[in-house]
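See structure below.
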Number of protein chains: 2
Amino acid sequence: MAITKKSIFNQQYNDVSDFGKALAHPARVMILEILVAENRCVSDLTERIPLAQSTISQHLKELKKHGLIDTEIVGKQNFYCINQSRYTELQSALTQMLKKVMIQTP
Amino acid sequence: MAITKKSIFNQQYNDVSDFGKALAHPARVMILEILVAENRCVSDLTERIPLAQSTISQHLKELKKHGLIDTEIVGKQNFYCINQSRYTELQSALTQMLKKVMIQTP
DNA sequence: AAACTTTATCGTAGAATTACGATAAAAATA
DNA sequence: TATTTTTATCGTAATTCTACGATAAAGTTT
């Protein structure tokens with residue numbers, strides 16, 4: 001039973017953990033950082049990140065699953081970009097959670 | 001080959017993804033939030049989070065693996081607390097990464 | 001000492017993740 | 001039209017994750 005029991009946790013906890021999952025691999029962190037600077041196609045990302053093209057595609061799919069990025073097909077290339085509203089949504093859930101911690105921090 | 005190729009990514013990316021992994025389950029987010037408010041023993045956490053005691057222990061082990069929490073044995077109870085320095089370290093790596101995104105946000 | 005409490009660990013099982021090569025589909029180029 | 005480029009998807013394999021019950025170990029209580 002490796003299915004996370006999401007249903008027993010409220011929205012806020014799931015939002016934070018969704019963002020966590022998206023950030024839970026260095027390649028995905030790198031992808032997000034690259035896409036923040038500029039929209040990029042898969043071959044651009046594959047050049048910059050030393051993983052197989054199919055693996056990069058898989059990571060993009062994972063980010064898309066959490067709604068963090070969108071895609072636009074231009075000719076034979078697929079350009080990816082940050083989904084700002086979803087990003088902001090998850091970011092604020094995380095920031096709120098971190099703030100609570102900051103209070104405790106001396 | 002499900003081993004994440006951590007070695008090919010730099011420290012900053014790995015720090016962010018480590019924090020991501022720690023936050024990648026709602027139960028762990030909840031645990032961190034509870035421990036920020038007050039140090040707690042396992043039975044306290046098991047009362048608050050609707051998962052089996054052994055599962056809670058596993059999540060605590062995961063958080064400990066990433067250095068986010070420490071433990072202190074008092075009598076027959078094990079109290080857990082936030083490891084502030086590690087927490088701050090990972091938090092700042094994440095915050096720095098988020099800041100880059102904020103610049104882009106309109 | 002016997003019974004109880006607390007918690008880590010073991011064993012197990014199913015699901016998800018990470019990784020790659022191979023291949024298919026679609027567009028661009030020669 | 002044939003070839004090349006680009007990218008998603010399939011197949012596969014190893015590893016990790018999530019979850020629980022059972023149990024062991026260590027302390028507390030009766």
Side-chain angles (χ1 to χ4, degrees), chain A residues 1-9 13-14 17-31 34-35 39-66 68-81, chain B residues 1-9 13-14 17-31 34-35 39-66 68-81:
Chain A
M1 289 164 211
I3 298 165
T4 300
K5 292 182 158 182
K6 286 192 82 163
S7 55
I8 64 176
F9 298 97
Y13 293 123
N14 281 314
S17 71
D18 270 357
F19 205 13
K21 273 172 206 140
L23 298 172
H25 194 288
R28 291 198 292 270
V29 177
M30 209 169 161
I31 288 170
I34 291 170
L35 292 182
N39 297 351
R40 291 286 181 184
C41 63
V42 181
S43 57
D44 282 345
L45 297 169
T46 306
E47 264 179 32
R48 281 172 176 71
I49 303 167
L51 290 171
Q53 178 265 316
S54 57
T55 307
I56 303 285
S57 264
Q58 235 173 0
H59 282 304
L60 287 167
K61 199 177 178 183
E62 180 73 14
L63 288 171
K64 209 173 172 185
K65 195 179 87 186
H66 293 292
L68 279 163
I69 59 174
D70 290 321
T71 182
E72 191 194 351
I73 299 165
V74 179
K76 65 177 166 180
Q77 292 177 317
N78 280 22
F79 279 86
Y80 280 90
C81 61
Chain B
M1 287 166 214
I3 298 165
T4 300
K5 293 182 159 182
K6 286 192 81 164
S7 56
I8 63 176
F9 299 98
Y13 293 122
N14 281 313
S17 70
D18 270 358
F19 204 14
K21 274 172 205 141
L23 298 172
H25 194 290
R28 290 199 292 270
V29 177
M30 208 170 162
I31 289 171
I34 291 169
L35 292 183
N39 297 350
R40 291 286 180 185
C41 63
V42 181
S43 59
D44 282 345
L45 296 169
T46 305
E47 263 179 32
R48 281 174 177 70
I49 304 168
L51 291 171
Q53 178 265 316
S54 57
T55 307
I56 303 286
S57 265
Q58 234 172 3
H59 282 304
L60 287 166
K61 200 177 177 183
E62 180 74 13
L63 288 171
K64 210 173 173 186
K65 195 180 87 185
H66 292 292
L68 279 163
I69 59 174
D70 290 319
T71 182
E72 191 194 352
I73 299 165
V74 178
K76 66 177 165 180
Q77 292 177 318
N78 280 22
F79 280 85
Y80 280 90
C81 61

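Throughout, protein chains are lettered first and strands after them, A, B, ... in sequence-line order, and every chain is numbered starting at 1. Basis for what follows: all heavy atoms, side chains included, without hydrogens, waters or symmetry-related copies.
The CD1-C1' distance, from B:I73 to D:dT28, rounds to 15 Å in whole Å. Atom pair A:R28:CZ and C:dA16:P shows a separation of 15 Å (rounding to whole Å applied). In this structure, A:E72 places its CD atom 14 Å from P of D:dA8, rounding to the nearest Å. Summarising the geometry, the separation between CE on B:M30 and P on D:dT18 is reported as 16 Å, rounded to the nearest angstrom. If you take NZ of B:K65 and C1' of D:dC17, they are 9 Å apart, rounded to a whole angstrom. Remark: C1' of D:dT18 and CD1 of B:I31 are 13 Å apart, rounded to the nearest angstrom. Per the geometry, CZ belonging to B:F79 stands 13 Å off C1' belonging to C:dT5, to the nearest Å. The separation between B:E62 atom CD and C:dA8 atom P is 15 Å, rounded to whole Å.
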Test A:R40 against A:R48 for side-chain contact (heavy atoms from CB on, under 4.5 Å), laying out the working first.
CA-CA 11 Å; A:R40 291 286 181 184; A:R48 281 172 176 71; 3.4 Å; yes
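The side chain of B:Q77 lies closest to C:dT6, out of D:dT9, C:dT17, C:dT6. Closest to the A:V42 side chain, of the nucleotides C:dT18, D:dA8, C:dA8, is D:dA8. Side-chain atoms of A:H25 lie closest to C:dA19 of the nucleotides D:dA19, D:dT6, C:dA19.
Here B:I49 contributes atom CD1 and B:D44 contributes atom CG; the two are 10.5 Å apart, rounded to the nearest 0.5 Å. Taking CG of A:N78 as the start and CD of A:E72 as the end, the distance is 9.5 Å to the nearest 0.5 Å. Remark: B:L35 CG to B:L68 CG distance equals 10.5 Å, nearest 0.5 Å.
Contact check, B:K61 against D:dT18: no side-chain N or O comes under 4.0 Å of OP1 or OP2. The shortest distance between the side-chain N/O atoms of B:N78 and the OP1/OP2 oxygens of C:dA8 is below 4.0 Å.
Each of A:F9 and A:S43 was assigned the nucleotide of DNA chain D with the nearest heavy atom; the assignment lying further toward the 5' end belongs to A:S43. DNA chain C is contacted by both A:P50 and A:K76; A:P50 maps to the nucleotide lying nearer its 5′ end (nearest heavy atom per residue).
Of the residues in residues 51-60 of chain A, those with a non-hydrogen atom less than 4.0 angstrom from any atom of DNA chain C are A:L51, A:A52, A:S54, A:T55, A:Q58, A:H59.
In this structure A:Q77 satisfies the side chain to side chain contact (heavy atoms under 4.5 Å, CB included) test together with A:C41, A:S43, A:F79, sequence neighbours excluded.
Residue-level contact check: B:Y80 touches the backbone only, with heavy atoms under 4.0 Å from sugar-phosphate atoms and none from bases. Within the 4.0 angstrom heavy-atom criterion, no nucleotide atom of any strand lies near B:K21.
With hydrogens and angles disregarded, no donor-acceptor distance shorter than 3.5 Å links the side chain of B:N14 to the backbone of A:P26.
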Distance-only donor-acceptor hits, side chain of residues 50-63 of chain A, under 3.5 Å, sequence neighbours excluded:
{"unit_1": "A:Q53", "atom_1": "NE2", "unit_2": "A:S57", "atom_2": "OG", "d": "3.4"}
{"unit_1": "A:H59", "atom_1": "ND1", "unit_2": "A:R28", "atom_2": "NH1", "d": "3.0"}
{"unit_1": "A:E62", "atom_1": "OE2", "unit_2": "A:H66", "atom_2": "NE2", "d": "3.3"}

